[in-house]
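Order of listing sets the numbers, starting from 1, for every ligand and every atom in it. Since this is a predicted model, take the numbers as computed values, not measurements.
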Amino acid sequence: MLDDVTISRAIIRNFVEEFDRALEVDVAIVGAGPAGMTAGYYLAREGVRAVIFERGLRPGGGMPGGGMMFNTIVVQREAKDILDEFGVRTRQYEDDYFIADAVEASAGLCYHAVQAGAKIFNLISVEDVMVREDDRITGLVVNWSAVELAKLHVDPISIRSKLVIDATGHACEVCRIVTSKLGGQLRTPSGNIMGERSMWAEVAESKVVDNTREVYPGLIVSGMAANAVMGTHRMGPIFGGMLLSGKRAASIALDLLA
Ligand code: 48F
C-alpha cells in the first residue's frame with residue numbers, strides 16, 4: 001500500500017536533513033555547469049564537504065546545448081582523460097579533437113559528482129555572499145530561484161563555507177557581488193572584472209586554466225567565469241577548458257584547505 005503523505009514526508013524529511021548538512025561545508029560551489037560539477041567531483045573524491053547550488057532545474061549549464069543546439073561537444077586531447085574518468089564515451093574526430101554526446105557528457109559529470117558526494121541543490125540561486133571583518137568571504141546567501149524569478153519579497157538564508165567557487169559561467173555572478181557590494185578589489189590587473197573578450201578558442205582554452213585562481217580571499221573563480229573576470233576570450237562549444245579549470249579549482253581549494 002502506498003500512502004501519499006508518507007511519500008511527501010519522505011521527501012521533506014530527507015531534503016531538510018540534507019539541506020541542514022549543507023549549511024556548513026568546506027566548499028560551496030555556485031553553478032552546476034561543467035566547471036562547477038568537475039570541481040565538485042574532484043573535491044568530494046578527496047573527502048571534502050562540497051555542495052553545489054544551481055539556479056536552474058537541470059544541472060549541466062551550457063553543456064547539453066552543445067553548439068547552437070547541435071548537441072555534440074568537442075574536447076581537446078588534454079581533457080579527454082577527464083571525460084574518461086567520468087565514464088563519458090568520446091570519439092576521435094581529428095588529431096587533437098574528440099567529440100562526445102552533449103547530453104551524455106552533462107549526465108556523466110552530474111552523476112559522478114553526486115555519487116562522489118558533491119550534493120547538488122538545484123532551483124536555488126545565490127544572491128549574495130557572507131563576509132567577516134577582514135572582508136574574507138565566509139559563505140553564501142541563497143534563496144529559491146522561484147522567489148528570485150517571481151521577485152517576491154522573501155529573505156534569503158546563509159550557508160557557511162571555508163571557500164566559495166564562482167562557476168557561474170559568463171555572468172561571473174559571485175565576483176560581481178564582490179565588486180558591487182563589497183567594493184572589493186579582485187586580484188585582476190584592474191582590481192575589477194575585466195570582462196570577457198570575443199571568440200578565440202585557442203587562446204581562451206589555454207588561458208582558462210591559468211585564470212582559475214583565488215581572486216579574492218576565500219573566493220576561487222573557475223570555468224568561463226574565470227575568463228570573464230580576467231578579460232580573456234570566450235571559446236564557444238569546446239569544453240575541455242571547463243573540465244580542466246574545474247579540476248584546477250578543486251586542486252587550488254585542496255591546497256587552501258590543507
Ligand atoms: O554557464 P555554465 O555552463 O558555466 P561553465 O561551467 O561552462 C561554460 C560553458 O557552458 C560555455 C562555454 C564553454 O565553452 O563558454 O558557456 O563555466 O554553467 C553555469 C551555471 O551556473 C548557474 C547557471 O544556471 C548555470 O547552470 N548559475 C549562474 N548564476 C548562478 C547560478 C547563481 N547566482 N546561483 C546559482 N546558480
Side-chain angles (χ1 to χ4, degrees), residues 22 28-42 51-76 79 82 100 102-103 105-106 109-110 113 120-129 139-149 156-157 159 164-178 180-181 196-209 211-212 219-230 232-250:
I29 300 167
V30 189
M37 291 195 291
T38 306
Y41 167 81
Y42 284 107
V51 64
I52 306 177
F53 295 103
E54 166 53 47
R55 172 180 283 141
L57 174 58
R58 295 175 189 82
M63 193 176 245
M68 210 183 100
M69 297 193 204
F70 296 104
N71 67 354
T72 292
I73 57 159
V74 174
V75 296
Q76 57 277 54
I82 300 183
V103 174
S106 312
L109 296 186
C110 182
I120 299 178
F121 287 100
N122 54 340
L123 297 166
I124 292 185
S125 291
V126 171
E127 63 166 65
D128 203 350
V129 294
L140 297 172
V141 175
V142 304
N143 213 331
W144 298 114
S145 300
V147 165
E148 182 185 66
L149 285 166
I157 59 172
I159 309 289
V164 166
I165 297 180
D166 181 347
T168 60
H170 295 267
C172 52
E173 292 197 20
V174 185
C175 293
R176 267 183 214 289
I177 293 166
V178 169
S180 65
K181 295 189 95 165
E196 91 182 30
R197 302 180 67 195
S198 295
M199 188 87 100
W200 189 357
E202 166 79 12
V203 174
E205 283 289 283
S206 64
K207 282 282 202 180
V208 71
V209 179
N211 289 340
T212 304
L219 174 63
I220 296 163
V221 67
S222 178
M224 188 57 221
N227 276 10
V229 166
M230 296 303 291
T232 308
H233 299 271
R234 68 185 306 184
M235 69 291 284
I238 178 159
F239 283 83
M242 298 302 112
L243 308 175
L244 293 163
S245 168
K247 189 172 183 181
R248 170 101 186 105

Q: Quickly, which of Asn71, Thr72, Ile73 forms a side-chain contact (heavy atoms from CB on, under 4.5 Å) with Val103? Name it, please.
A: Asn71
Sequence neighbours left out, cut at 3.5 Å: what donor-acceptor pairs do the side chains of residues 53-68 make with other protein atoms?
from  : atom 1 : to     : atom 2 : distance (Å)
Glu54 : OE1    : Ala32  : N      : 2.9
Glu54 : OE2    : Gly56  : N      : 2.7
Arg55 : NE     : Ser125 : OG     : 3.2
Arg55 : NE     : Glu148 : OE1    : 3.0
Arg55 : NH1    : Glu173 : OE2    : 2.9
Arg55 : NH2    : Glu148 : OE2    : 3.3
Arg55 : NH2    : Glu173 : OE1    : 2.9

Q: Pull out every atom of ligand 1 sitting under 4.0 Å from any heavy atom of Ser125, numbered as shown with elements.
A: 34 (N), 35 (C)
Q) What protein heavy atom sits nearest atom 21 (O) of ligand 1, and how far away is it? A) Gly31 CA, 3.1 Å
Q) Which protein heavy atom lies closest to atom 8 (C) of ligand 1, and at what distance to 0.1 Å? A) Met242 SD, 3.5 Å
Q. Can you tell me how far the CG atom of Asn143 sits from the CG atom of Asp128, to the nearest 0.5 Å?
A. 11.5 Å
**Q.** Ligand-residue contact atoms, ligand 1 with Thr168, heavy atoms, under 4.0 Å
**A.** 19 (C), 21 (O), 28 (C), 29 (N), 30 (C)
Q) Nearest protein heavy atom to atom 15 (O) of ligand 1, by residue and atom, and its distance? A) His170 NE2, 3.5 Å
Q.
With respect to Gly62, determine whether any N or O atom, backbone or side chain, lies less than 3.5 Å from an N or O atom of ligand 1.
A. yes
**Q.** Pairs where residues 28-39 contributes a residue and the test salt bridge (charged side-chain N to carboxylate O under 4.0 Å, His left out) is met, not counting sequence neighbours
**A.** none
Q) Looking only at N/O atoms, are Gly60 and ligand 1 under 3.5 Å apart anywhere? A) no
**Q.** Ala171 near ligand 1 by a heavy-atom separation under 4.0 Å
**A.** no
Q) Got an N/O contact under 3.5 Å between Pro34 and ligand 1? A) yes
Q | ligand 1 atoms in contact with Val30 (distance to a heavy atom under 4.0 Å) | A | 32 (C), 34 (N), 35 (C)
Q) Considering only the protein, which heavy-atom contact is closest to atom 19 (C) of ligand 1, and what is its distance? A) Ala167 O, 3.4 Å
Q.
I'd like to check which ligand 1 atoms, numbered from 1 as shown, lie under 4.0 Å from a non-hydrogen atom of Met235.
A. 13 (C), 14 (O), 15 (O)
Q: Measure the distance from atom 36 (N) of ligand 1 to every protein heavy atom, then report the residue, atom name and distance (to 0.1 Å) of the closest one.
A: Arg55 N, 3.0 Å
(Q) What protein heavy atom lies closest to atom 4 (O) of ligand 1? Include the residue and the distance to one decimal. (A) Gly169 CA, 3.4 Å
Q. Tell me: protein heavy atom nearest atom 13 (C) of ligand 1, and distance?
A. Gly236 O, 3.5 Å
Q. For the atom pair CZ (Arg176) and OG1 (Thr168), what is the distance rounded to the nearest 0.5 Å?
A. 8.5 Å
Q: Check if Glu54 has a non-hydrogen atom at a distance under 4.0 Å from any atom of ligand 1.
A: yes
Q: Return yes or no for this condition: an N or O of Glu173 is under 3.5 Å from an N or O of ligand 1.
A: yes
Q: Applying side-chain contact (heavy atoms from CB on, under 4.5 Å) between Glu196 and each of His233, Met230, Arg234, report the one that passes.
A: Arg234
Q. When rounded to the nearest 0.5 angstrom, what distance separates CE in Met242 from CD1 in Ile82?
A. 11.5 Å
Q.
To check your reading of the model: name the closest protein heavy atom to atom 34 (N) of ligand 1, its residue, and the distance in Å.
A. Val126 N, 2.9 Å
Q | N or O pair under 3.5 Å between Ile238 and ligand 1 | A | yes
Q. So is there a nitrogen or oxygen of Met224 less than 3.5 Å from a nitrogen or oxygen in ligand 1?
A. yes
(Q) Show the atoms of ligand 1 that are less than 4.0 angstrom away from any heavy atom in Ala35. (A) 6 (O)
Q) Touching ligand 1 at all, Ile124? Heavy atoms, strictly under 4.0 Å? A) yes
